[in-house]
Amino acid sequence: MPAHWDVIVVGGGNAGFCAAQSAREQGAQVLVLEKAPRQWAGGNSYFTAGAMRTSHGGLTDLKDLVEPSADDRFDHVDLDAYTEDHFLDDITRVTRGRTDPELARILVGESRATMNWLRDIGLRFELMFHRQAYEVDGRYRFWGGLAVGVVGGGKGMVEQHLTAAERTGVEVRFDAPVVRLATRPDATVRGVVLADGQVLEASSVVLASGGFEANPQMRAGYLGPGWDLALVRGTPYNTGDGIQMALAAGAQPHGHWSGSHAVAWDSGARPTGDRELTNQLTRGGYPFGIVVNAEGRRFVDEGADFRNYTYARYGAEILKQPGGIAYQLFDAKSAHLLRPEEYASKDVSKVESDTVAGLAKELGLDEDRLASTVDDFNAAITGGPFDPTVKDGSRTEGITPPKSNWAQPLDTPPYTAYPVTCGITFTFGGLRIDRDAHVLDTSGLPIPGLHAAGELVGGLFYFNYPGGSGLTAGSVFGRRAGRSAAAAAHGSRAAAA
Ligand SMILES: Cc1cc2nc3c(=O)[nH]c(=O)nc-3n(C[C@H](O)[C@H](O)[C@H](O)COP(=O)(O)OP(=O)(O)OC[C@H]3O[C@@H](n4cnc5c(N)ncnc54)[C@H](O)[C@@H]3O)c2cc1C
C-alpha cells in the first residue's frame with residue numbers, strides 16, 4: 001500500500017465509485033475506504049432499484065444507451081423525449097423552487113452524458129418496462145420522466161462498479177471506517193484517520209459516505225421528534241460520519257436539514273435494510289387505491305401526481321399519523337396494477353377480505369368509520385376514464401383530502417389492505433459544494449484537498465425529490481469530484497517536483 005495516495009474516497013457506494021473511476025481515468029492512484037464489511041458492500045446504492053433519471057431524446061436516443069430487448073418490445077414502445085427543461089422543471093417544482101440552481105443545472109445538463117460515461121466504465125442499462133411502463137392497447141407507455149435503470153437494479157450496479165474498480169486498478173478496502181479528516185495547521189486536508197488511529201495521507205479526499213438516515217439521534221435532532229422511530233430502508237452504516245467530520249473541519253452546512261426522502265414501507269420490515277428484499281419492501285401502488293390511518297380516515301391525495309413525484313414525501317405523512325402507521329386499500333380492479341416485486345414478494349404484510357367490514361375487523365379498525373370513508377370516497381368520484389399512463393383527471397369532488405387522479409370506486413371484492421409505515425431513504429441536508437464538488441467552508445471558500453459527492457451533499461433536494469435523481473446526482477457530482485480531486489493531486493505532485 002503506498003504511503004501517500006493521490007485520491008482517497010471515503011465510502012463505497014455509487015457516488016464513491018464514480019469519483020474513484022473518474023480520478024483513476026486522470027491517472028490518479030485511488031483508494032476507496034469503506035466502513036462496512038464486504039458482505040454489506042455498496043451502501044444505499046445496493047438497495048436501489050437502479051432507476052436513473054436522465055434527460056433524453058426519446059426511444060431512438062435511449063436505444064444507444066440501453067441493452068437491446070430480447071423480444072420485439074422496442075417496436076411497441078411509446079416513450080417521449082424528456083428534455084433538460086422537463087428535468088429542470090420537475091426538480092424545481094417538487095422542491096418548491098428551493099433547489100440550488102447551479103447544482104440543479106449541472107445535474108440536469110450533464111445527466112445524459114454521464115449515463116454514457118457510466119456505460120463506458122462498465123455499467124449496463126435497460127428500459128424499465130417493469131417499473132415505469134404500463135401496457136395499454138398493445139403499446140408499452142412510459143410515464144413519470146423515468147425510463148432507464150441499471151441491469152440487475154442496485155445489486156447489479158454494485159457488482160458492476162466493483163468489477164470496474166478491479167479492472168481499472170482502483171483499490172477498495174472494506175472494514176475501514178474513517179473517523180476524522182487529517183488536517184494541517186492551516187486547515188487544509190492531508191488525508192484521513194481510520195478508527196484504529198492509522199493516518200492515511202492523500203493529496204485529495206472525496207467524501208461520499210452518505211447521509212445521516214441510519215443515525216436515530218441525528219434523525220430526531222434534525223428531522224424532528226418521532227423520526228428516531230422511522231424504519232431505515234437501506235444500509236445501517238450511513239450514520240452521518242462524513243458530514244460530521246467535514247463540519248468539524250470547517251465545512252458549511254447546506255440544504256434542507258429537516259427534510260428527507262421517506263416512503264410507504266412494509267410495516268413488518270426490520271429496522272434497517274434487508275439485503276435480500278432491498279427495495280421490494282416499498283409499497284408504491286397507492287395511486288390506484290386509498291390510504292387510511294389507524295382511525296380509518298384518509299390523509300393524503302393518493303393521486304396528486306405520478307408515484308415518482310409523490311412517494312418520497314408520503315413517508316413523512318405516514319409518520320405523522322397515530323402510531324405512525326397507515327393502510328393501503330385496493331379492490332380487485334387495481335390488483336393487476338400493483339407491482340408483484342412489491343406486493344407479491346416474500347413475507348408481505350397483507351390482509352384480504354370479501355368485504356370492507358371484514359378488512360376493518362382484520363386490521364383492528366373501527367368498522368363504521370372505515371365503511372363511511374370508503375362510501376364517501378366512492379360517492380365523490382367524478383371524471384374519467386381511468387388511464388394509469390397519464391394524469392387522467394379521474395378525481396373526487398367535495399371530500400378532503402381530494403384524490404386528483406386515478407380515482408376508481410372501491411367496490412369489487414376481494415379487497416386487500418397493506419399495513420405501511422415510514423421508511424426513510426436518505427437525508428436532504430449536507431455539505432455545500434461548488435461546481436467542481438469542492439467542499440466549501442463557512443466563508444464560501446473551497447477547503448483545499450476536500451471534495452464531496454452523493455447523499456451527503458446538501459442543496460439539491462428540498463421537501464421532495466423526482467424519483468431516480470439520487471443515483472444520477474451521485475454519478476454527475478462523483479465524476480466531477482474525482483476529476484477535480486485528481487487535478488489537485490497532479491498540481492501538488494508538480495509543485496513537489
Ligand atoms: C431502498 C432504496 C431504494 C432506492 N432506489 C433508488 C433508485 O432506484 N434510484 C435512485 O436514484 N436512488 C434510489 N435510492 C437512493 C440512493 O440509494 C441514493 O441516492 C444513492 O445510492 C446514494 O449514493 P451514495 O454513494 O451517496 O451513498 P451510499 O450508496 O449509501 O454509499 C455510502 C457509503 O459510505 C459508507 N460509509 C459511511 N460512513 C463511512 C465512514 N465513516 N467511513 C467509510 N465509509 C463510510 C457506507 O457504508 C456506504 O457504503 C434508493 C435508496 C434506498 C434505500
Side-chain angles (χ1 to χ4, degrees), residues 49-63 65-66 69 71-83 85-87 89-91 93-94 125-149 263-264 279 282-291 300-314 328 330-344 381-396 402-410 412 464-469:
M52 294 189 68
R53 184 169 291 257
T54 176
S55 66
H56 62 79
L59 182 62
T60 313
D61 173 22
L62 289 181
K63 270 183 171 171
L65 176 69
V66 300
S69 79
D71 45 32
D72 65 348
R73 273 195 298 184
F74 281 0
D75 297 338
H76 305 279
V77 162
D78 292 329
L79 173 51
D80 294 336
Y82 183 64
T83 63
D85 285 347
H86 283 133
F87 193 171
D89 284 353
D90 280 339
I91 194 165
R93 175 172 54 82
V94 303
F125 296 107
E126 63 187 355
L127 286 188
M128 291 188 296
F129 285 94
H130 59 301
R131 290 185 70 84
Q132 290 298 140
Y134 292 113
E135 197 180 344
V136 180
D137 300 332
R139 308 282 305 166
Y140 294 98
R141 288 199 196 142
F142 279 80
W143 50 272
L146 184 56
V148 179
V263 309
N279 61 305
T282 309
R283 299 288 173 259
Y286 57 85
F288 307 121
I290 64 168
V291 187
V300 288
D301 179 348
E302 302 88 346
D305 206 330
F306 288 113
R307 177 196 77 218
N308 300 130
Y309 303 112
T310 58
Y311 77 119
R313 65 186 173 87
Y314 279 0
Q328 297 181 351
F330 305 97
D331 75 355
K333 294 195 300 299
S334 301
H336 70 287
L337 294 164
L338 305 180
R339 296 183 48 247
E341 294 95 326
E342 292 177 9
Y343 286 87
I381 294 170
T382 170
F386 176 81
D387 181 349
T389 67
V390 293
K391 289 207 261 180
D392 66 359
S394 181
R395 61 192 167 81
T396 61
K403 182 170 181 184
S404 302
N405 292 286
W406 310 298
Q408 299 190 94
L410 264 86
T412 312
N464 193 6
Y465 156 102
S469 305

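What you are looking at is a predicted structure, and each value in this text was computed from that prediction instead of being measured.
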Checklist entry - Are Q132 and N308 close enough, and set up right, to give a side chain to side chain donor-acceptor pair (under 3.5 Å), and what steps lead you there? => result CA-CA 9 Å; Q132 290 298 140; N308 300 130; 2.9 Å; yes
State, with a plain yes or no, whether a side-chain heavy atom of [X] is found less than 4.5 Å away from one of [Y].
X: R307; Y: Y314; answer: no
X: R141; Y: D387; answer: yes
X: L337; Y: Y134; answer: yes
X: R139; Y: T389; answer: no
X: L127; Y: R73; answer: no
X: S55; Y: T83; answer: no
X: Y311; Y: Y465; answer: yes

Between the side chain of [X] and the main-chain N/O of [Y], is any donor-acceptor distance below 3.5 Å?
X: K333; Y: F288; value: no
X: K63; Y: G58; value: no
X: R339; Y: G285; value: no
X: R395; Y: A407; value: no
X: T396; Y: K403; value: yes

Checklist entry - Would one find more than 12 heavy atoms of other residues, nucleotides or ligands at under 6.0 Å from atom CG of D137? => result no
In Å, rounded to the nearest 0.5 Å, how long is the span from [atom1] of [X] to [atom2] of [Y]?
X: N405; Y: D301; atom1: CG; atom2: CG; answer: 7.5 Å
X: D78; Y: Y140; atom1: CG; atom2: OH; answer: 12.0 Å
X: W143; Y: L79; atom1: CH2; atom2: CG; answer: 13.0 Å
X: E135; Y: H76; atom1: CD; atom2: NE2; answer: 9.0 Å
X: D90; Y: L146; atom1: CG; atom2: CG; answer: 10.5 Å

Indicate the ring-plane relationship of [X] and [Y], choosing parallel, tilted or perpendicular according to the 30° and 60° boundaries.
X: H56; Y: Y82; answer: tilted
X: F74; Y: F129; answer: parallel
X: Y343; Y: F330; answer: perpendicular

Can you name the nearest heavy-atom pair linking [X] to [Y], along with the distance?
X: S469; Y: F87; result: OG-CE2, 4.0 Å
X: D392; Y: F386; result: OD2-CA, 3.2 Å
X: V263; Y: A312; result: CG1-CA, 4.3 Å
X: G57; Y: A81; result: C-CB, 3.7 Å
X: S334; Y: Q408; result: OG-NE2, 3.9 Å
X: I381; Y: P409; result: CD1-N, 3.2 Å

Item to check | Side-chain ion pair, R313 and D305, N-O less than 4.0 Å | outcome: no
Next on the checklist: Is the distance from the ring center of Y286 to that of W406 below 6.0 Å?
Outcome noted: no
